[in-house]
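Lettering of chains follows the sequences in order, A, B, ..., and the numbering in each one begins at 1. The shown structure was predicted, so the numbers you read here are calculated from the model rather than taken from an experiment.
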2 protein chains.
Amino acid sequence: MDSSNVTPGLQEYLTSIYRLKKSGKKEIRIRDLAKERNVRLPSVTGAMKKLAKMNLVRYNRYGSVDLTEDGERIAEVLDRIERDFYLFLVDFLGVPEEKAREEACRVEHGINMDTAKRLVALMDYLSKCLPEEERRKIKEYIERRIEESQCNS
Amino acid sequence: MDSSNVTPGLQEYLTSIYRLKKSGKKEIRIRDLAKERNVRLPSVTGAMKKLAKMNLVRYNRYGSVDLTEDGERIAEVLDRIERDFYLFLVDFLGVPEEKAREEACRVEHGINMDTAKRLVALMDYLSKCLPEEERRKIKEYIERRIEESQCNS
DNA sequence: TCCACACGTTAGATAATCCTAACTTTCTAA
DNA sequence: TTAGAAAGTTAGGATTATCTAACGTGTGGA
C-alpha cells in the first residue's frame with residue numbers, strides 16, 4: 001500500500017490525523033478531524049470507513065481514530081512534502097505565510113517525494129553554500145521583480 | 001470571470017485549447033481535445049457546454065471550438081504557471097522531463113500567479129547572477145543528496 | 001437515576017468528472 | 001450521389017467527496 005493508491009481527499013485525512021497526534025493529542029475523535037479539515041461530521045465518518053477498509057486507520061463506531069503503521073508511514077511522507085514546500089515558499093520565495101500554507105496543502109498531492117527531496121537539497125545548498133549576504137540579495141531581487149510586474153499590470 | 005471560478009477539470013480543457021492554438025492548429029475539434037486530454041468524446045462535449053455557458057469558449061454543435069477573450073486570458077495564465085514550474089523542476093531540480101511534465105500539470109491548479117512569478121524570479125537570479133560554474137555545483141549537490149538518500153532507504 | 005446535549009451515524013441529495021452504449025450528423029470516396 | 005466511416009451527441013451510470021436532515025449513543029450533572 002503506497003500513497004498513490006489513496007485519493008487526495010483521503011490523504012488529507014491521514015495528514016490531519018498525523019498532525020493531531022504529533023501535536024500531543026492522546027485521543028483523536030471524528031469531531032477533531034471535522035474541525036481540522038473544515039468539513040461536517042458525516043464526511044469524516046465516510047472517510048474513516050474507507051481508510052479503515054484499506055487498513056490505514058483503526059476506527060470503531062462511536063470511538064476514536066488512530067493510524068495503523070501503514071497509515072502512519074504514508075502520512076509521514078505527505079506531511080514532510082507539504083512542510084518542505086511550505087518552507088521553500090516562505091523562506092526562499094517570500095510568499096506570505098497564510099498563502100503559502102494553502103498552496104503547500106494543495107500542492108502536497110501533486111508532487112512526489114523525490115521532487116520534494118530535490119527541493120530540500122536546493123534549499124540546503126542555498127543556505128549552506130551561499131553567504132547570508134547573497135541570500136538577502138536573492139530575496140530582494142524577487143521582491144523587486146514582483147513590484148515591477150505589478151506596475152506593468 | 002477569473003480562473004478561480006473554473007474547476008480544475010475545466011481549466012485543463014482551456015489550457016489544452018490554448019496549446020493547440022499556439023501549436024498552429026487553425027480549427028480545433030472535439031476529437032483533438034479528447035486526444036490531448038486522454039478522455040473520451042462525451043467528456044469533451046460536456047466540458048465545452050459548460051465552458052460555453054461561462055463564455056470562455058465559442059462552441060457550436062458538431063462544429064469547432066475556440067477560446068473567447070476571457071477564456072484566452074485565463075488559459076494564458078494557467079499555461080504560464082505550468083511552464084514556469086516545469087522549467088524549475090527540470091532546469092534547477094533535475095527532475096526527469098516526463099515526471100516533471102506530470103507534476104507541473106498537477107501543480108498548475110494549486111499555485112497562483114504571484115508564486116509562479118516568484119519562482120521565475122528565483123530562477124532568473126540563479127541564472128544571471130551566479131556563474132555557470134556555481135549552477136553546475138548546485139545540480140551536482142542535488143544529485144549527490146538524492147543518491148545518498150537512496151542508499152539510506 | 002436519568003435525561004439533555006454533544007457526539008456520531010445513516011440516508012439521501014448534489015456536484016464534478018469520467019465512462020459506455022446507442023444514436024445522429026458530417027464528410028469522403030467510389 | 002450515396003453509403004459507410006469518422007466525428008459528435010445524448011442518455012444513463014459510476015466514483016469521489018461533499019452536504020443537510022433526521023435518527024442513534026453515551027455520559028455527566030441535577
Per-nucleotide protein contact along nucleotides 15-21 of chain C, 5' to 3', at a 4.0 Å heavy-atom cut-off (B base, S sugar-phosphate only, - neither), is -SBSBBB
Specify the separation, in whole Å, of atom [atom1] of [X] and atom [atom2] of [N].
| X | N | atom1 | atom2 | value |
| --- | --- | --- | --- | --- |
| A:Ile28 | C:dG8 | CD1 | P | 12 Å |
| A:Met48 | C:dT10 | CE | C1' | 17 Å |
| A:Leu51 | D:dT16 | CG | P | 12 Å |
| A:Ile30 | D:dG24 | CD1 | C1' | 15 Å |
| B:Arg31 | D:dT9 | CZ | P | 12 Å |

Requested in this report: May I have the step-by-step check of ring-ring contact (aromatic ring centres under 6.0 Å, His included) for A:Tyr141 and A:Phe92, ending in yes or no?
Outcome: CA-CA 11 Å; A:Tyr141 180 84; A:Phe92 279 92; over 10 Å; no
Tell me what B:Lys49 touches on the nucleic acid: a base, only sugar-phosphate, or nothing, going by heavy atoms under 4.0 Å. sugar-phosphate
Using atom types as modelled and distance alone, determine if a side-chain donor or acceptor of [X] lies under 3.5 Å from a backbone N or O of [Y].
| X | Y | answer |
| --- | --- | --- |
| B:Arg40 | B:Ala34 | no |
| A:Arg29 | A:Tyr62 | yes |
| A:Arg135 | A:Ser127 | yes |
| A:Glu72 | A:Tyr18 | no |
| B:Arg58 | B:Val65 | no |

Expected output is a numbered-order residue list: members of residues 58-66 of chain B with a heavy atom under 4.0 Å from any atom of DNA chain D. What is it?
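Hits under 4.0 Å, by residue number: B:Tyr59, B:Arg61, B:Tyr62.
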Under 3.5 Å, is there a donor-acceptor pair linking the side chains of B:Tyr125 and A:Glu134? yes
Assess the side chains of A:Glu82 and A:Thr15: does a donor N or O sit below 3.5 Å from an acceptor N or O?
no
